[in-house]
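Below is one structure; the comments refer to it alone.
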Amino acid sequence: MKPTKSLMRKSHFLGTKIRNLRKRNHLTMEDLSSRCVRLDPESAPSVSYLSMIERGKRVPSVAMLEVIASVFQKQPDWFLDDVPEEQAITPNKGSRGGIDGMALEPSFLFSNDILQIAIPEMLSQTGTTGRQFAHLLIRAHQEHHQNHFPDLERAAEEIGQKRMPLSIDELMEIIGRFGVKLKWFERAPSDIHTTIGATSKGVTTSFFEPPHTLHLNEILKQFPTRLKYDLAVHIGHCVLHNKDGLKSIMRVGGHDSDLVDEHGNAAVQSSTMDQQDILHAWRDFESSFFAGALLCPKVPFRQLLDRHGYEIAVNKMIDVSASVAMRRMTAVSPYAHWHYFDAYAPGKLKAVYRGNGIPLPWGNMRAVEDPCQHWAVFRMINQPAKGTSAQISILNVGNEPRIYCCESVKVKDLAGNSHVLCAGIDLNPAIDAQGGDSLTLADDLRRICVAGGGSAKMPIKIQDDLMSVARILNINWIERGIYNDARLICSRGAACPREPSCYEPLQSLI
């Protein structure tokens, strides 16, 4: 269908508006074209035609404009009102966001020389091990960059050629190219006493023994997704670190997995900062990220997520674990403001990622006495959710209310421990990107929840506002969360926003 003369007369700012909307939602032209194809294959623009529309060299047909408008939850007339936007809607090319730091003054106290003296003393006094501190440093680095590591992505793509899914046989063939010999061993899960006083099952799944032997636990044959992950991690070790002599040990269980050796024996821990702690922790991270990128290559996995509305169940389509799929969501999504938790009872976070700056629901180095029980991850640990676990939450962060949505799933690791995987996003940036006022909307929702005793059904107007954002982001579980009660949550009981507080006895002692 050709554009009408009326459409052509009103198209002065059409291309610019489409480009600005696409960029502020972090969509490539390929992303936008494929989204249009799923809505209406007959009227959807190709990538090349979309490029010409944005540059003002072509005017879309009425039907094509309606499809593009539907992707961005706009009325077609909005693109044709001949009113330029007050400012270009383009992404901030500075920091990608993530966890904010703070200015440290006077700056001379934070010189390298002083920090090298002070950090070991701090670790000794707090009981934090050197390995734990190394993981904290790496997590801060990961969150600051919002899981954006293009060099690791490229390394994985070179090896896997962006194939998805990769079979166990294909992974075995890849690891064989590096001259690695496989040796199987038998070891059943055993009881592990954790640092927070609980008992769980733990088991060594694999370990690489220099110079070229990979030991695999026979139990992995019963868990093909875990076997694929272990193989992918060790391939990463070969590719990135050239099998340089580090003994890479992989375990599962709700314990401090870096505190044991491949035989399940407690490793000697030190509160001093050792260079090997940093090196081991960094290479563990690199190999793990590589494994995710190898099993879920960025472009094909992003396209799969987009086709299925970011449902967690896509992991079954490519035969990877839910944890691998959920962690990769945070890295491949065009929306940057994600978080991810892997939680074991009663209060252990085995994995944490906070590219959106959300506070921790509990400490992942030691237990806290007053965790908020209204976080979805807590409720799922204590009792499985019926139906969808999607939850809209309102949380004060830096004295500003923020709206989060998450989807959680309760699973068992191959040692038999139940744990909860939780992936979520911060909705405030998405609301603002569409021209809304996220702080006002979040504060309105907070007041409604306070009046409802801490949770409440959202008014139709707020539901509609969030539904529009959910459809632009193309994340199905946000839509499901909108129809559940919104919940007030806090980072610690002492900051409980509910009236009356969930922690009145505790707060009376403060």
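This structure is a prediction, so every number in the text was calculated from the model and none was measured.
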So does [Y] get a backbone contact from the side chain of [X], meaning a donor-acceptor N/O pair under 3.5 Å?
X: S51; Y: V47; result: no
X: N474; Y: D306; result: yes
X: N428; Y: I403; result: yes
X: R35; Y: I472; result: yes
X: N217; Y: I219; result: yes
X: W477; Y: Y310; result: yes
X: R226; Y: L220; result: no

Is the shortest side-chain heavy-atom distance between [X] and [Y] below 4.5 Å?
X: V469; Y: L427; value: yes
X: L216; Y: L182; value: yes
X: H237; Y: R283; value: no
X: M326; Y: V409; value: yes
X: N484; Y: I392; value: no
X: K201; Y: S190; value: no
X: R487; Y: I394; value: no
X: L414; Y: Q222; value: no

When rounded to the nearest 0.5 angstrom, what is the spacing between [atom1] in [X] and [atom2] in [Y]?
X: L231; Y: M172; atom1: CG; atom2: CE; value: 5.0 Å
X: I312; Y: S389; atom1: CD1; atom2: OG; value: 8.0 Å
X: D319; Y: L295; atom1: CG; atom2: CG; value: 9.5 Å
X: I425; Y: I475; atom1: CD1; atom2: CD1; value: 4.0 Å
X: L214; Y: D230; atom1: CG; atom2: CG; value: 8.0 Å
X: M380; Y: C406; atom1: CE; atom2: SG; value: 9.5 Å

Quick check: closest heavy atoms across [X] and [Y], and the distance to 0.1 Å?
X: E407; Y: A390; answer: OE1-N, 2.9 Å
X: I318; Y: K228; answer: O-NZ, 3.6 Å
X: F290; Y: A232; answer: CD2-O, 3.8 Å
X: C502; Y: H374; answer: SG-NE2, 3.2 Å
X: L50; Y: M29; answer: CD2-O, 3.7 Å
X: S491; Y: P359; answer: CB-CB, 3.7 Å

(message) Show, in sequence, the C-alpha distance, side-chain angles and deciding distance for Y344 and D413, and conclude whether the side-chain hydrogen bond (donor to acceptor under 3.5 Å, both in side chains) test is met.
(response) CA-CA 10 Å; Y344 282 75; D413 63 29; 2.7 Å; yes
(request) Look at the rings of H337 and Y335 and say which category their plane angle falls in: under 30° parallel, 30 to 60° tilted, over 60° perpendicular. (result) perpendicular
(request) Could you tell me if the ring centre of F207 sits under 6.0 Å from that of F185? (result) yes
(message) side-chain contact (heavy atoms from CB on, under 4.5 Å), that's the test. Do T204 and I249 meet it? Break it down for me.
(response) CA-CA 7 Å; T204 298; I249 304 168; 4.3 Å; yes
Strictly by modelled atom types, are [X] and [Y] linked by a side-chain donor-acceptor pair under 3.5 Å?
X: W375; Y: S393; result: no
X: D342; Y: H419; result: yes
X: T330; Y: N147; result: yes
X: H234; Y: S287; result: no
X: Y229; Y: S323; result: no
X: E286; Y: H241; result: yes

(request) Check the pair L294, E157 against side-chain contact (heavy atoms from CB on, under 4.5 Å), reporting the backbone distance first and the verdict last. (result) CA-CA 6 Å; L294 181 65; E157 288 173 0; over 6 Å; no
Residues 296-305 side chain polar contacts: donor-acceptor under 3.5 Å, at least two apart:
from : atom 1 : to  : atom 2 : distance (Å)
R302 : NE     : D31 : OD2    : 3.4
R302 : NH2    : D31 : OD2    : 2.3

(request) I would like to know whether T213 and F208 meet side-chain contact (heavy atoms from CB on, under 4.5 Å); could you show each step before the answer? (result) CA-CA 6 Å; T213 304; F208 180 79; over 6 Å; no
(message) Show, in sequence, the C-alpha distance, side-chain angles and deciding distance for W338 and M329, and conclude whether the side-chain contact (heavy atoms from CB on, under 4.5 Å) test is met.
(response) CA-CA 8 Å; W338 285 79; M329 283 182 188; 4.1 Å; yes
Between [X] and [Y], does any side-chain N to carboxylate O distance fall below 4.0 Å?
X: E158; Y: R154; answer: no
X: D426; Y: R402; answer: yes
X: E218; Y: R187; answer: no

(request) Could you check F289, F285, W282 and say which one makes a ring-ring contact (aromatic ring centres under 6.0 Å, His included) with H141? (result) W282
(request) Quick one: list whatever passes salt bridge (Lys or Arg N to Asp or Glu O under 4.0 Å) with R163, sequence neighbours left out. (result) E170
(request) Sorted by first residue and then second, give each side-chain hydrogen bond (donor to acceptor under 3.5 Å, both in side chains) pair with at least one member in residues 109-123; sequence neighbours left out. (result) E121-Q125
(request) Decide yes or no on ring-ring contact (aromatic ring centres under 6.0 Å, His included) for F341 and H339, but give the supporting numbers first. (result) CA-CA 7 Å; F341 299 128; H339 64 265; 5.4 Å; yes
(message) How about NZ on K316, more than 12 heavy atoms from neighbouring residues, nucleotides or ligands closer than 6.0 Å, or not?
(response) no
